[in-house]
Amino acid sequence: MGVYTIALGHGSNVFAIVRGPYSAKVVKLTIGEIPDDEEIIVEFGERGEGSGQFTWPAGIAVDSQENVFVTDEWLHRVSVFTADGEFLRTFGTAGNGEGQFNRPSGITIDGNDDIYISDSLNHRIQKLSSEGRFINQWGNRGADAGEFNSPWGITTDGQGHVYVADHKNHRIQKFNADGEFVFELGSHGKGDNQFDHPSSVAVDSDGEIYVCDWANNRVQTFDKDRNYLTTFEGNAQELSKWQRQYVNANPDVYKARRRVYTLEPEQRFALPMAVAFDNEKSRLMVVDAQRWRIQIYNKLRNYADPQFNI
């Protein structure tokens, strides 16, 4: 079981989807500003198809009231909870009509509490109210501007623009709040300004864009004008407190880590799944899914310095 994606709540609250072959849940935790300042507050949800349950939870977002919205790829719906895990409602059914979904994945909520969902296998974005009422949609399967091939991660910026990780087109697309195309970023490859199945995108208050370059095992960063800035490949030089507890409680793991020539590969990302930017604390969070952790970078004016991972 590992962290799949995250959403930022109020203050130091972070909501994470944690899922594995036989279980699925949301974990609410606080993450402070120094290493080891993390605490799990509550866990909610479980594997199943009933109210408040998940099968394949995929995306998570938090509104202005700190209600938590979770997409479910298998059940083709969105489940809504309070910040403390009380189940409120679901909306959405399987299909390709308005307010219906086919493997919904990424979800984001703008400053008006309107919801945008990557309706992945319908190859479109849907915009809905916080109650799940259909407002608008755009996109169809293709590779032209405004078209998608399995859109995945999605976010909005402070001006209400929508950014979509167009997963199988290996690019990021930007739209206004009504779905009008603004620009695209990237192409398929391993170089700067190229992606291999990008899975997530985040934008900070300076307009800088962070792309989770999934199959390239890295995060690339661009300025608001799409100029390449830098790449993060992971820098987890210290184990988190939870990782230390796990290693110390498992003698075989402890011995295996001592036998290897170098632990350097352990520091790097392995298929990072998601990114989120905490503007209040000026830090980037990267969900390093295959290593069951989050790596965190503080943004400095001279750029970013790796700080800690959990």
Side-chain angles (χ1 to χ4, degrees), residues 2-19 24-32 38-45 52 54 56-73 77-92 104-118 120 125 127-128 130 132 151-158 160 162-165 199-205 210-212 219 272-289 293-297 310:
V3 181
Y4 191 78
T5 190
I6 60 173
L8 305 179
H10 296 170
S12 296
N13 291 341
V14 176
F15 296 85
I17 290 177
V18 178
R19 80 182 203 186
K25 60 185 177 182
V26 173
V27 176
K28 176 185 177 181
L29 63 156
T30 58
I31 301 178
E38 304 100 33
E39 181 180 0
I40 293 175
I41 305 301
V42 67
E43 301 178 359
F44 53 92
F54 313 116
W56 285 357
I60 188 167
V62 178
D63 70 9
S64 63
Q65 304 302 309
E66 213 174 23
N67 294 315
V68 182
F69 294 70
V70 181
T71 60
D72 193 308
E73 292 179 287
R77 71 184 186 190
V78 178
S79 295
V80 188
F81 303 83
T82 68
D84 296 321
E86 176 188 351
F87 173 72
L88 296 176
R89 63 186 180 276
T90 62
F91 57 85
S105 54
I107 182 171
T108 190
I109 300 176
D110 68 14
N112 298 318
D113 279 344
D114 289 330
I115 302 166
Y116 300 83
I117 295 174
S118 290
S120 292
I125 303 302
K127 180 179 181 179
L128 302 98
S130 60
W152 193 346
I154 187 169
T155 194
T156 56
D157 64 18
V162 182
Y163 299 73
V164 181
S199 56
S200 179
V201 58
V203 182
D204 68 18
S205 58
Y210 304 83
V211 179
C212 195
V219 173
M273 190 70 71
V275 286
F277 196 90
D278 183 347
N279 282 302
E280 182 178 330
K281 296 178 176 59
S282 192
R283 60 188 184 179
L284 176 70
M285 298 185 178
V286 183
V287 177
D288 196 3
R293 66 190 179 191
I294 302 168
Q295 292 202 47
I296 300 173
Y297 294 78
I310 64 171

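Treat the numbers as computed from the prediction; the structure is a model and nothing was measured.
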Could you tell me if the side chain of Ser79 sits less than 4.5 Å from the side chain of Phe54, heavy atoms only? yes
Tell me every residue that passes side-chain hydrogen bond (donor to acceptor under 3.5 Å, both in side chains) with Glu86, counting only those two or more places apart in sequence or in another chain. none
Report the C-alpha distance between Leu8 and Val14 in whole Å, list the side-chain angles of each, state the deciding distance to 0.1 Å, and finish with yes or no for side-chain contact (heavy atoms from CB on, under 4.5 Å). CA-CA 5 Å; Leu8 305 179; Val14 176; 4.1 Å; yes
Go through the structure and list residues passing ring pair (Phe, Tyr, Trp, His ring centres under 6.0 Å) with Tyr116, not counting sequence neighbours. none
Flag side-chain contact, heavy atom, 4.5 Å: Ile60 against Val26: yes
Just jot down the salt bridge (charged side-chain N to carboxylate O under 4.0 Å, His left out) partners of Asp288, sequence neighbours excluded, or say none. Arg293
Got a sec, which residues hit salt bridge (charged side-chain N to carboxylate O under 4.0 Å, His left out) with Lys28, two or more places apart in sequence or on another chain? Asp84
Determine, stepwise, if the pair Asp157 / Tyr163 fulfils side-chain contact (heavy atoms from CB on, under 4.5 Å). CA-CA 8 Å; Asp157 64 18; Tyr163 299 73; 2.9 Å; yes
If you measure from CZ on Phe69 to CZ on Phe15, what distance do you get to the nearest 0.5 Å? 12.0 Å
Residue pair Ile107 / Ile154: nearest heavy atoms and the distance that separates them: N-CG2, 3.4 Å
Without hydrogens or angle criteria, can the side chains of Asp113 and Ser64 be said to hold a donor-acceptor pair below 3.5 Å? yes
What residues form a side-chain contact (heavy atoms from CB on, under 4.5 Å) with Ser12, not counting sequence neighbours? Thr30, Lys281
Minimum heavy-atom distance Ala289-Met273, with the two atoms named: CB-CB, 3.7 Å
Taking side-chain hydrogen bond (donor to acceptor under 3.5 Å, both in side chains) as the definition, give me every residue that meets it alongside Ser120, ordered by chain and number, with sequence neighbours left out. Ser105
Looking only at atom types and distance, does a side-chain atom of His10 sit under 3.5 Å from a main-chain N or O of Gln65, one as donor and one as acceptor? no
With Phe277, which residues qualify under ring pair (Phe, Tyr, Trp, His ring centres under 6.0 Å), at least two apart? Tyr210
Mind checking side-chain hydrogen bond (donor to acceptor under 3.5 Å, both in side chains) for Thr82 and listing every partner two or more places apart, or none if nothing turns up? none
Is it the case that the side chain of Gln295 and the backbone of Met285 share a donor-acceptor pair, with hydrogens and angles ignored and the cut-off at 3.5 Å? no
Which distance, rounded to the nearest 0.5 Å, do you find between the CD1 of Ile294 and the CG of Leu284? 11.5 Å
side-chain contact (heavy atoms from CB on, under 4.5 Å), that's the test. Do Ile117 and Leu128 meet it? Break it down for me. CA-CA 8 Å; Ile117 295 174; Leu128 302 98; 3.9 Å; yes
As an exercise, state the distance from OG1 of Thr71 to CD1 of Ile115, rounded to the nearest 0.5 Å. 11.0 Å
Does Ile125 reach the side chain of Pro151, with side-chain heavy atoms less than 4.5 Å apart? yes
Please name all residues satisfying side-chain hydrogen bond (donor to acceptor under 3.5 Å, both in side chains) with Glu39, sequence neighbours left out, ordered by chain then number. none
Please identify each residue that fulfils salt bridge (charged side-chain N to carboxylate O under 4.0 Å, His left out) with Asp278, with sequence neighbours left out. Arg283
If you look at every heavy atom in Asn279 and Ser205, which pair is closest and at what distance? OD1-N, 2.8 Å
By side-chain contact (heavy atoms from CB on, under 4.5 Å), Ser199 pairs with (sequence neighbours left out) Trp152, Cys212, Trp214
For the backbone of Val78 and the side chain of Asp72, can you confirm whether one donor and one acceptor N or O come within less than 3.5 Å of each other? no
Is a side-chain N or O of Thr155 found less than 3.5 angstrom from the main chain of Ala202, in a donor-acceptor match? no
Side chain to side chain contact (heavy atoms under 4.5 Å, CB included) partner of Lys25, chosen from Ile17, Val70, Val18: Val18
Closest contact, heavy atoms only, Thr5 versus Ala274: OG1-CB, 3.3 Å
Taking all non-hydrogen atoms of both residues into account, name the closest pair between Leu29 and Ala16 and its distance. CD2-CB, 4.4 Å
Non-hydrogen atoms of Thr108 and Ala61 that approach each other most closely: CA-CB, 4.0 Å
Going by ring pair (Phe, Tyr, Trp, His ring centres under 6.0 Å), name the residues that satisfy it together with Phe91, two or more places apart in sequence or in a different chain. none
